[in-house]
Novice: 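Structure incoming, see below.
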Amino acid sequence: MSVTATRLDPKFKYEVAAHPGGEEIKVCFACGVCTAGCPVSEIDPAYNPRKIIRMVLLGMREEVLKSDLLWLCINCYTCTAHCPQNVKFTNVIGALRDMAVKEGYVHPRFSGDVDEIDRFMLKLRRDMVAAAAKEKDAPAKADPQGLLDQVTGK
Amino acid sequence: MKASALVIGGGPAGIGAALELAAAGIKVYLVEKEGAVGGWGARYVCKATDKCRQCSACLIPEKIQEVYQEPLVEILTNTQVVGFAEEAGRFQVRLQREQTLDPALCNACGKCLEACPRGAVERLNPWAVAYSIDKEKCAVYAGENCDLCARACPTGAINFQRPSASWDVSVDLVVAATGHQPFDARRKYRLGYGRFPRVITGLELEEALNRIEGIDIFGDGWKPMNVAFIQCVGSRDVQEGAEYCSRVCCKYALRLAGLMRHREPQTQVTFYYMDIQTGGKGFSEVYQDCREHFAFVRGIPAKIDGSDPLKLHLDGVSGQSFTTREHDLVVLSVGITPSPDNEEIARLLTLNRDEHGFLKGREGVYVAGTAGGPRDISESLAHGMETAAKAITKLEGREG
């Protein structure tokens, strides 16, 4: 990714900081512990909280707000628990999502879709854990795909 | 000058203050709660490789010798301040001395050490003139009957029946050089300290390298090949109430890594860091040297898996995002935190504490060294001397 100074918006970070949830963004000193502990980053390294914060601080408004990556956060607050500067990145993501909706980068409908996907995934997880638990004392390793087929009735 | 002073704490700051006060002709009571003076720094290892790395660890034995040879300084180990009152600009101080082990009789022969099945007798640092009894390990302090060490002692230095002594001293000024507490790495649960044996603290590495010649740090023949140092553990951390740089961790970590490589040239080292603080004498040079031999990754790991080798979860290996890295030893560069005694000391001496819990001095009661905030060995020593000089000037002004 290249950064072009003339296309940067120096006011962006102040807007994020003024938005509920974004208050602490400017105190980040980029230690990277947010990304290092993030379960989403672990399955998709393109999702990088440290990088998103840096992009906001640099003023990369459009790149941040139109990015699909914003919607990958699962709101587990692990980054927030780890952050030595109390940045509360999960809340920052919330603020950025609000701004993306408000500024027309995504339809308001989409935010609700993502919430529903989260709930669906949690139910699926609950059912898969329950299915796996039936054989929790057996030495054989459960196969997630098989469990998925089992709980979705395929 | 016919005056007297109380210095609380026998680390580098307390010793520095005591020497400076004595040089001005002031009688000094140097009170140390442990069984030996020297403080944390006396346990540290000389980090010289093929040349001196200016870590200042050698200053401590040098100053311990000086202070023992200073007739105006009365060194009181196993002693605490239990009472404190002010009267017409002077301080009446009640001291209490634990006398189970009499340092005047102890000749450090080591027979008690061998006799104790619990390892409760210890030599706090290589320069300690007498042994100490660790009350947390000793059976007698746990209420049991035992006198193995006392019976083994050929000089009668150990006697559990000997009562502690209390007496009052009257002094013109007080220097509180009560030191600090290394950060408790257990608080960083996900880094695995206390759960995984090969996750250790910088302090433990110091002590191990001080004990042995090579890098067999656990004493079981195993040698680390691929070491990770994680910086800023418990420093610059708002969540830990430590919104400050501890000023020592970059310095000790880089020098310790250099020492390990000097002892075992095959040792690979990676530093995980936010930014390296290169303050202090001669440190830029050490850092440049380290840049050539060690890997530097700008990112603090969030989590360590207790596998063998250990697996670090991190962000920041050049060009990559989330990734994992394997190391066979992880050293947590723990920082300086306020001593847990500070609350009690502040109450006793009527001192204030800053927002982090470090002590602040006042008229007649000065604060020196890490009791007042993070400092390294040479800074603590210098601060002790500087504080004493300030106190002397003030005292001279009052008398003159």
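Below, all heavy atoms of this structure are taken into account, side chains as well, without hydrogens, waters or symmetry copies. Below, chain A is the first sequence line, B the second, and so on; all start at residue 1.
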Novice: Please list, in residue-number order, every residue in residues 190-205 of chain B that has a heavy atom less than 4.5 Å from any heavy atom of chain A; write 'none' if there are none.
Specialist: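 Contacts with chain A: B:R190.
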Novice: For atom CD of A:E135, decide whether the heavy atoms of other residues, nucleotides or ligands shown that lie under 6.0 angstrom number more than 12.
Specialist: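 No, because the 6.0 Å sphere around CD of A:E135 holds 12 heavy atoms or fewer from other groups.
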Novice: Would you mind telling me which of A:C34, A:A81, A:A46 has the largest number of heavy-atom pairs within less than 4.5 Å of chain B?
Specialist: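 It is A:A81.
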Novice: Given the options A:T78, A:N48, A:D44, A:V27, which has more heavy-atom pairs under 4.5 Å with chain B than any of the others?
Specialist: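 Greatest number of close heavy-atom pairs with chain B: A:N48.
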Novice: What heavy-atom pair brings A:F29 and B:M274 nearest, and what distance separates the two atoms?
Specialist: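 Looking at all heavy atoms of both residues, the closest pair is CE1-SD, 3.1 Å.
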Novice: With a 6.0 Å cut-off (strictly less than), is the heavy-atom count around OH of B:Y189, excluding the residue itself, greater than 12?
Specialist: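 12 or below, so no.
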Novice: So, for B:V238 and A:Q85, which heavy atoms are closest and what is the spacing to 0.1 Å?
Specialist: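 Minimum heavy-atom contact is CG2-OE1, 3.3 Å.
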Novice: Among B:D275, B:L312, B:D237, B:T324, which residue has the highest count of heavy-atom pairs closer than 4.5 Å to chain A?
Specialist: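 So the answer, after comparing B:D275, B:L312, B:D237, B:T324, is B:D237.
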Novice: To the closest 0.5 Å, what do you measure between SG (A:C83) and CD1 (B:I300)?
Specialist: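 Rounded to the nearest 0.5 Å, the SG-CD1 separation comes to 12.0 Å.
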Novice: Just wondering, are more than 12 heavy atoms of other shown residues or ligands nearer than 6.0 Å to CZ in A:R7?
Specialist: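 It does not: A:R7 CZ has 12 such atoms or fewer within range.
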Novice: Give the intermediate values and the outcome of side chain to side chain contact (heavy atoms under 4.5 Å, CB included) for residues B:K188 and A:H82.
Specialist: CA-CA 9 Å; B:K188 294 286 171 195; A:H82 283 154; over 6 Å; no
Novice: Could you check whether atom CD of B:E343 has more than 12 heavy atoms from other residues, nucleotides or ligands sitting under 6.0 Å from it?
Specialist: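 Result for CD/B:E343: open.
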Novice: Any chance CZ of A:R61 has more than 12 other-residue heavy atoms, nucleotides or ligands included, within less than 6.0 Å?
Specialist: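 Enclosed.
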Novice: So which of B:K303, B:Q231, B:E243, B:R236 has the biggest tally of heavy-atom pairs under 4.5 Å with chain A?
Specialist: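 Of B:K303, B:Q231, B:E243, B:R236, B:R236 has the most heavy-atom pairs under 4.5 Å with chain A.
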Novice: Measuring from atom OG of A:S41 to atom CG of B:L314, what distance do you get when rounded to the nearest 0.5 angstrom?
Specialist: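 Separation between the atoms: 11.5 Å.
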Novice: Indicate yes or no for a side-chain donor-acceptor contact from A:R50 to the backbone of B:D315 under 3.5 Å, with no hydrogens or angles considered.
Specialist: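 Yes; judged by distance alone, with no hydrogens or angles, the pair exists.
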Novice: Between chain B and each of A:P45, A:G37, A:A36, count heavy-atom pairs under 4.5 Å; write down the option with the most.
Specialist: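 With the most close heavy-atom pairs to chain B, the winner is A:A36.
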